[in-house]
Amino acid sequence: MDTPYQPDAVEQVAQDYWDAERSFEVTEDSDRDKFYCLTMFPYPSGKLHMGHVRVLTISDVIARYQRMQGKHVMQPMGWDAFGMPAENAAIKNNVPPAKWTYANIDEMRGQMQRLGYAYDWTREIATCKPEYYRWEQWLFTRMFDKGLVYRKNSVVNWDPVDQTVLANEQVIDGRGWRSDALVERREIPQWFMKITAYADELLDELDRMPGWPDSVKTMQRNWIGRSEGLELSFPVDGEDQPLTVFTTRPDTLFGVTYMAVAAEHPLAERAAKKNPEVAAFIEECKQTDAAEATLETMEKKGMALGINAIHPMTGEPVPLWVANFVLMSYGTGAVMAVPGHDARDWEFAKKYDLPIVQVIAPADGSDIDIQESEFLDHGVLVNSGDYDGLDFQGAFDAIADYFESRDQGRRTINYRLRDWGVSRQRYWGTPIPIIYCPDCDAVPVPEEDLPVVLPEDVAVTGHGSPLKDMPEFVNVACPVCGKDARRETDTFDTFVESSWYFARYACPDADVMLDERADYWMPVDQYTGGVEHAILHLLYSRFFQRVMRDEGLSEASEPFTNLLTQGMVLKDGAKMSKNKGNTVDPQELIAEYGADTVRLFMMFAAPPEQALEWSDSGVAGSFRFLKRFWGAVHDNVADGPAVALDVDSLNDEQKELRRKTHQTIAKISDDMGRRHTFNTAVAASMELMNAIGRYDDDSAQGRAVCREALEAVVLMLSPMVPHICHVLWANLGHSSAAIDADWPVVDEAALTSEMVDMVVQVNGKLRAKISVAADADKDAIGEQALADENVQRFIDGKDVRKTIVVPGRLVNIVV
RNA sequence: GCCCGGGUGGCGGAAUUGGUAGACGCUGCGGACUUAAAAUCCGUUUUCCGAAAGGAAGUGAGGGUUCAAGUCCCUCCCCGGGCACCA
């Protein structure tokens with residue numbers, strides 16, 4: 001019998017079946033355990049790239065595995081359709097962003113379907129459609145009413161030549177990407193969402209999220225950056241208002257030798273009016289982009305303002321400086337500098353020859369030279385007046401009490417987390433539903449006027465948003481007083497759309513934001529996506545889910561119960577990208593080998609969380625395996641139907657293959673369900689196939705044992721290579737489809753063995769391998785190990801000091 | 001600069017709770033089949049010494065803990081991700 005493996009035909013058969021049966025369309029069923037399996041939805045950038053194929057396949061494998069576990073699985077797909085690339089394409093090709101986006105969606109949807117993903121396409125969402133974004137406009141107006149959104153000035157990258165705001169990505173080495181002009185920091189009014197109102201909840205709940213990787217939770221903790229400290233006031237010469245600073249180290253207060261404020265700080269701006277040198281320095285500080293990494297890596301510079309603050313305890317003058325490393329957006333935009341006990345302050349003091357004073361001594365009494373290097377640890381206070389001798393906590397409490405009793409300071413909690421600025425000066429996004437009235441100020445668009453629809457047929461020039469030039473969009477009547485007013489032309493950060501789409505999949509056609517179906521499906525049981533989203537997207541989504549909860553829209557607080565962060569796809573050690581010219585087109589590979597081979601290689605080449613190094617020959621190897629797999633099943637089928645397995649009549653070889661089969665089922669079940677190490681699951685399948693290939697037993701029971709092994713492999717590989725397994729399962733004589741089959745079950749009785757192999761070490765070095773009875777006790781194992789010829793060579797003439805026996809594993813003899 | 005990962009043969013990776021380093025696959029090499037090639041199949045493939053049996057070294061570098069370290073601790077180097085307007 002000769003039936004060659006023809007992936008195109010096989011994959012068509014399987015997909016036709018799933019389509020005809022609507023295998024992946026689901027509705028709520030309260031009698032069944034639901035499993036909501038979700039991938040971070042893609043931006044429709046053009047065609048699928050290998051990074052997409054990887055994450056989509058990982059999620060699909062989990063969805064199909066959970067289905068075989070009996071779960072009621074929902075796996076939807078949609079499009080994060082707003083964003084800058086559509087505008088860039090519009091400028092380049094003179095195509096409206098909407099048209100470009102919808103064409104990409106059609107292209108990518110078709111590719112996904114060719115890959116056979118188990119999506120419920122009836123739930124498809126595109127965020128650029130008014131029926132989607134109207135609900136986030138609505139939620140924004142609700143948040144407005146609750147005081148959860150507000151407007152304030154905030155810094156953007158300004159391109160002075162193109163007269164437009166740039167994204168950080170559009171700033172290359174401090175210059176605009178098109179104009180090459182030096183970028184400036186500029187402050188403009190923008191809308192903010194009060195994510196800090198949920199800071200404590202977002203932080204505390206991380207301790208109760210066992211389904212998330214520790215690394216992501218740690219990153220989020222650090223990002224939120226809760227710190228307990230003291231807010232202190234320093235009187236300033238010639239100012240009515242004192243200068244307020246936040247510190248987590250009030251114990252170092254007596255070591256303050258200068259203070260520093262941000263370039264945007266009012267004190268700096270007032271000093272600039274009197275002193276042109278300061279004004280010039282502040283201008284220089286603003287000649288940089290707004291990215292924090294730029295600020296943190298550039299040379300630390302400062303200038304004395306010629307103003308003194310008064311040390312609140314010693315009464316001594318403390319010079320005020322303006323410094324480029326102080327962030328206006330963190331704390332109060334001013335810091336007290338303690339060069340003796342802070343690394344950055346120390347470096348700055350050395351550079352500008354400012355005094356360095358030691359006020360903390362090591363707790364162990366050792367000597368340090370503060371002029372040589374800073375001392376950062378907690379310790380005992382010295383040179384601190386009445387507070388000498390106190391430890392960190394004692395000093396913290398005493399100094400906090402001192403300030404609080406005089407009303408010059410207070411204990412407070414500071415967060416590194418800042419409120420979320422959601423305004424973007426861009427066209428291709430959700431219009432912010434606000435109207436500016438000369439009398440009524442900013443007014444939210446009333447519910448009955450939503451959605452504020454983004455006009456789709458526009459020309460994009462790259463010089464600011466085209467909405468500003470559309471009077472029919474901008475000019476409106478004030479909803480409150482009816483006077484002539486102007487509509488907001490900024491759009492939302494696209495992270496707003498991606499902060500709630502997961503809930504909308506539950507009820508994509510609802511004529512409210514979310515209905516009761518969201519409570520059936522939410523939270524997402526398994527969320528999969530790139531680790532690059534570990535902070536922003538995942539934190540915003542956790543915030544939005546809580547806002548929706550508090551609005552009564554959803555019961556869940558956390559949106560994602562389990563999180564899997566997958567690594568990038570690399571080629572020649574670098575991320576695949578058009579810029580580097582190292583991309584591999586999935587389409588060509590599918591045409592050559594079929595979808596199953598591409599899926600298999602993706603799962604086999606690396607564990608999902610690690611970067612995956614692309615290998616053309618590895619793909620060919622995956623294809624070879626599928627051909628052998630196909631051939632092995634057909635050979636078995638060609639020999640006719642297998643008889644029923646009679647477990648009690650098996651000989652040793654038959655028992656051994658059967659043991660291998662059930663060991664493999666146990667291993668792959670663990671790899672798929674718990675560890676998500678699909679690469680080792682594939683390797684274990686290959687090992688079992690190799691064992692079947694070596695096995696040569698034409699007896700009735702021999703073929704039955706073989707058949708059992710093959711059926712197990714077909715089922716266990718079906719989440720990864722569903723098409724070939726669909727056909728093979730039918731070839732094996734099953735009338736029901738593989739997609740409806742249950743996951744194979746381990747027969748514990750098949751796992752038992754009379755003898756086990758153990759290794760013998762002498763002084764930790766491997767010297768022999770022995771086979772011992774499975775039920776042998778430690779002494780017997782030790783004796784057998786000592787008796788080994790090669791072991792004797794190494795212990796000859798030496799004292800055996802100790803013998804360690806780890807049953808089932810090894811013996812270590814120490815001489 | 002700060003936070004989070006990672007570093008194991010020629011290559012991708014395995015080693016799950018501190019217990020046989022290199023599973024599985026790729027590549028290379030040797031062989032079978034073939035008029036030939038492709039495809040397929042078999043063998044072999046960490047390095048060094050050895051005919052072999054066997055031995056020595058070995059998981060980015062340097063220290064430490066332990067009967068035993070790729071795995072735990074300390075210091076350092078390199079690579080990747082994030083740093084709030086890329087998505």
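Reckoned from all heavy atoms, side chains included, excluding hydrogens, waters and symmetry mates. Just so it is clear, the model here is predicted, and its values are computed rather than measured. Naming convention: chains lettered A, B, ... in sequence-line order (proteins, then strands); numbering from 1 in each chain.
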Nucleic acid footprint by protein, nucleotides 38-47 of chain B - heavy-atom cut-off 4.0 Å, B for base, S for sugar-phosphate alone: -SSS------
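- Here A:T597 pairs with nothing under the side-chain hydrogen bond (donor to acceptor under 3.5 Å, both in side chains) rule; sequence neighbours left out.
- Near-neighbour residues of RNA chain B inside residues 673-681 of chain A, defined by a heavy atom below 4.0 Å, number-ordered: A:R674, A:R675, A:N679, A:T680.
- Taking A:E789 as the reference, nothing meets the salt bridge (charged side-chain N to carboxylate O under 4.0 Å, His left out) condition, with sequence neighbours excluded.
- Legend: residues meeting ring pair (Phe, Tyr, Trp, His ring centres under 6.0 Å) with A:F348, ordered by chain and number and at least two apart, are A:Y258, A:W321, A:F325, A:Y352.
- Among residues two or more places apart in sequence or in another chain, the side-chain contact (heavy atoms from CB on, under 4.5 Å) test is passed with A:R151 by A:P189, A:W191, A:Y436.
- Remark: A:T196 engages A:D419 in a side-chain hydrogen bond (donor to acceptor under 3.5 Å, both in side chains) (not counting sequence neighbours).
- Within the 4.0 Å cut-off from OP1 or OP2 of B:A84, at least one side-chain nitrogen or oxygen of A:N168 is found.
- Using a 4.0 Å heavy-atom distance criterion, A:V216 is classed as making no nucleic acid contact.
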Under 4.0 Å protein heavy-atom contact, by nucleotide of nucleotides 64-70 of chain B - B base, S sugar-phosphate only: ---BS--
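- Taking atom C1' in both B:A56 and B:U71, the straight-line distance is 24 Å, to the nearest Å.
- At B:C83, none of the side-chain N or O atoms of A:N222 fall inside 4.0 Å of OP1 or OP2 (strictly under the cut-off).
- Taking A:K92 as the reference, nothing meets the side-chain hydrogen bond (donor to acceptor under 3.5 Å, both in side chains) condition, with sequence neighbours excluded.
- Within the structure, side chain to side chain donor-acceptor pair (under 3.5 Å) contacts touching residues 802-815 of chain A (residues at least two apart or in different chains) do not occur.
- Taking the side chain of A:E292 as heavy atoms from C-beta on, and the options B:C24, B:C83, B:A56, the nearest nucleotide is B:C83.
- Looking at heavy-atom distances under 4.0 Å, A:M568 makes contact with sugar-phosphate atoms alone, never a base.
- For B:A56, the OP1/OP2 oxygens have a side-chain nitrogen or oxygen of A:R767 closer than 4.0 Å.
- In this structure, the side-chain contact (heavy atoms from CB on, under 4.5 Å) partners of A:E292, at least two apart in sequence or on a different chain, are A:E296, A:L327, A:R416, A:R418.
- With sequence neighbours left out, the salt bridge (charged side-chain N to carboxylate O under 4.0 Å, His left out) criterion links A:K47 to A:D585.
- Using a 4.0 Å heavy-atom cutoff across all strands shown, A:A293 reaches at least one base atom of the nucleic acid.
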